Q: 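Below: one structure in structure tokens.
Quick note: residue numbers are just sequence positions, from 1. What you see is a predicted model; the values in this text were computed from it and never measured. Any value given below was found using the heavy atoms of this structure, including those in side chains, with hydrogens, waters and symmetry copies removed.
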Amino acid sequence: MTESPDPLLDLLHLLDLEQIERDIFRGMSRSSLVPRVFGGQVAAQALVAAGRTVLADRAAHSLHAYFLRAGDPGAPIVYTVDRIRDGRSFTTRRVVAVQHGQPIFHLSASFQSHEEGMEHQAPMPAAPDPETLPTAAEMLPRYADRFSSPGVVDRLIEARAAVDLRYVDTPPFATVGEAREPRSQVWFRTNGKLADDPLLHVCLATYVSDMTLLDSVLLAHGRGGWAVGDVVGASLDHAMWFHRPFRADEWLLYDQESPSASGGRGLGQARIHTADGRLAITVIQEGVVRVPRG
């Protein structure tokens with residue numbers, strides 16, 4: 001396995017889009033476990049493009065996105081931003097990602113200037129201290145025999161090298177054939193400090209949010225996942241609400257569950273809390289989750 005000397009810097013370069021016109025940006029891709037662009041990358045890059053056209057005092061508070069076609073990791077992605085609305089408090093942007101002349105992804109994002117208001121939140125669920133949990137490099141080799149090919153462990157570790165992601169319970173690929181409660185928790189943070197740029201932290205959380213959200217769907221059916229080869233699938237749509245400020249370089253608890261699977265689709269929903277208990281983000285995603293045909 002060939003590792004970058006600084007995987008986080010590589011990821012930050014990936015999110016630092018080239019501006020080629022006033023509202024047109026270009027991004028590159030990195031390889032992933034499947035022969036298509038990782039959905040979290042496209043969502044994060046699209047949010048970067050939207051945020052680059054918004055006043056700095058307006059923070060992202062929500063995004064709604066659809067994955068339309070599989071992205072080609074060998075070709076650049078062009079992001080075109082439509083300035084839908086610039087109001088007194090809210091700004092709305094629409095972004096279309098295009099490859100080979102076809103749209104592959106569509107995102108709508110809303111930004112808001114700071115405002116005081118009513119406050120309440122759901123309590124943070126119980127979870128162990130992340131520092132007591134194994135890292136990906138420590139945990140994944142234990143399950144090397146569960147994956148579809150010998151190189152999957154190295155590729156998984158490399159794909160997540162920029163992010164310290166730690167499972168609270170055993171992941172789906174560790175208990176193939178054993179149906180469990182459709183709930184999963186992970187702690188995550190970037191493997192290194194980030195600049196004090198709120199948009200950057202939101203975009204990094206968006207990137208990570210697509211890594212494990214459908215795990216809870218797999219758990220309900222005793223399936224191991226894409227790397228095991230007992231399901232095929234892809235993200236269909238993705239929505240996030242950013243409730244309170246947070247830092248993606250500090251521990252965040254990603255508490256995920258699946259309320260439903262039907263029609264070849266599975267739904268995942270989650271809350272992301274800061275280590276001190278503040279509800280930072282709500283996430284909902286639906287994906288195609290199919291059993292391979294024999």
Q: Ring centres of Tyr79 and Phe105 under 6.0 Å apart?
A: no
Q: Which one of Val54, Asp23, Asp82, Leu47 satisfies the side-chain contact (heavy atoms from CB on, under 4.5 Å) criterion with Arg93?
A: Val54
Q: Does the ring center of Trp241 lie less than 6.0 Å from the ring center of His64?
A: yes
Q: Assess whether a salt bridge exists between Asp255 and Arg271, defined as any Lys/Arg side-chain N lying under 4.0 Å from an Asp/Glu carboxylate O.
A: no
Q: Could you measure the distance from the CG atom of Asp154 to the OG atom of Ser149? Nearest 0.5 Å is fine.
A: 10.0 Å
Q: Is the centre of the His273 ring less than 6.0 Å from the centre of the Tyr254 ring?
A: no
Q: Salt bridge between Asp169 and Arg180, side-chain N to carboxylate O under 4.0 Å?
A: no
Q: Phe173 vs Phe147 aromatic rings, parallel, tilted or perpendicular, using cut-offs 30° and 60°?
A: tilted
Q: Can you tell me how far the CG atom of Leu11 sits from the CG atom of Asp16, to the nearest 0.5 Å?
A: 11.5 Å
Q: Would Arg166 and Glu138 pass as an ion pair if we require N to O under 4.0 Å?
A: no
Q: Could Glu250 and Arg189 be called an ion pair, given the rule that one side-chain N must be under 4.0 Å from one carboxylate O?
A: no
Q: Hey, does the side chain of Arg244 reach the backbone of Leu279 with a donor-acceptor pair shorter than 3.5 angstrom?
A: yes
Q: Working to the nearest 0.5 angstrom, can you tell me the gap between Leu213 CG and Gln256 CD?
A: 5.5 Å
